[in-house]
Amino acid sequence: MEAEIERVLLRREQIAARVRSMAAEIADVYAPLDGGLTLVPILSGAIIFLADLIRELPLKLKIAVVQVSTYPGASTKPGDPRVLIELNGHLRGRHVLIVDDILDTGRTLQCVQARLAAESPASIRTAVLLRKPNADAALADFVGFDIEDRFVVGYGLDYDDHYRNYPHIGVLRGELL
Ligand code: IMP
Ligand code: MG
């Protein structure tokens, strides 16, 4: 995989340190609130971020996954708005924190937020590890890193479902896209 990465943007140690400090920011917000917390990771990109984040969160919480398809196959641009949201879990009256790997145009988060709002949760917030400059900054309540507008892979982020297991976050060589 290494040969297919043009440049490493964030090394695993740097990511781990930021995930720990994000967890502290998140805990500060939710610890004083009454009622249960449910984290809603957007599959599959959020799985590694989620796994690391929850182990740094000293809070009682549940997980309800959503599956969204916006980038079918090998495309790197939003295709047709083929948004398929499958929710597993009950959110009524709960504090919901949507967790995603990256905020780009914001379409994914907006769709998921709208879908989850229909479940009558007590609150909805969003946490993303990465944010690109195109995004409406206000869409994410918790942000790990602001990055440049390049296609990145690793730490859960994929290209055509590959590279999710690359431990750092790197820019994929342009000729592979
Ligand atoms: P948005 O709907 O444009 O905000 O895009 C968010 C979704 O697109 C994320 O959940 C990612 O799965 C995917 N995505 C956007 N940019 C990248 C990238 O640079 N690498 C890998 N996936 C990306
Ligand atoms: Mg994704």
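What you see is a predicted model, and the numbers here were worked out from it, not measured in a lab. In this chain, numbering begins with 1 at the start of the sequence shown. Order of listing sets the numbers, starting from 1, for every ligand and every atom in it.
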List the steps, then state whether side chain to side chain donor-acceptor pair (under 3.5 Å) holds for H168 with R11.
-> CA-CA 5 Å; H168 317 292; R11 299 203 65 84; 3.3 Å; yes

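The pair E119-R94 fails the salt-bridge criterion, with no side-chain N (NZ, NE, NH1 or NH2) lying under 4.0 Å from an Asp/Glu carboxylate O.
Using a 4.0 Å cut-off to heavy atoms of T108, the atoms of ligand 1 that qualify are 1 (P), 2 (O), 5 (O), 6 (C), 7 (C). Close approach to L157 involves these atoms of ligand 1, each under 4.0 Å from a residue heavy atom: 20 (N), 21 (C), 22 (N). Taking every heavy atom of D100 and a limit of under 4.0 angstrom, the matching atoms of ligand 1 come to 9 (C), 10 (O).
In R125, the CZ atom is crowded: over 12 heavy atoms of neighbouring residues, nucleotides or ligands sit closer than 6.0 Å.
Proximity of T105 to ligand 1, defined as any heavy-atom pair under 4.0 Å, is shared by backbone and side chain alike. For D104, heavy-atom contacts with ligand 1 shorter than 4.0 Å involve the backbone as well as the side chain. Contacts with ligand 1 closer than 4.0 Å are made by backbone heavy atoms (N, CA, C, O) of R150 only, the side chain lying farther away. Under 4.0 Å from ligand 1, the heavy atoms of D158 that appear belong solely to its backbone.
Any N or O atom pair closer than 3.5 Å counts here, and L103 shares no such pair with ligand 1. In terms of polar-atom proximity, defined here as any N/O pair under 3.5 Å, V152 does make such a contact with ligand 1.
Heavy-atom distances between G45 and ligand 1 stay at or above 4.0 Å for every pair. Under the 4.0 angstrom criterion for non-hydrogen atoms, D101 is in contact with ligand 1. Residue contacts with ligand 1 include K132, since one or more of its heavy atoms lies under 4.0 Å from the ligand.
Taking both residues in full, the closest heavy atoms of A64 and P41 are given as O-CD, 3.5 Å, listed atom of the first, atom of the second, then distance.
Taken from OG1 in T126 to CD1 in I42, the straight-line distance is 9.0 Å, to the nearest 0.5 Å.
Figure legend: R173 and F151 shown without cation-pi pairing, the cationic atom not lying both under 6.0 angstrom from the six-membered ring centre and within 45 degrees of its axis.
Listed by chain and residue number, E148 satisfy the salt bridge (Lys or Arg N to Asp or Glu O under 4.0 Å) test with R7 (two or more places apart in sequence, or in another chain). Residues meeting the salt bridge (Lys or Arg N to Asp or Glu O under 4.0 Å) test with R20, sequence neighbours left out: none.
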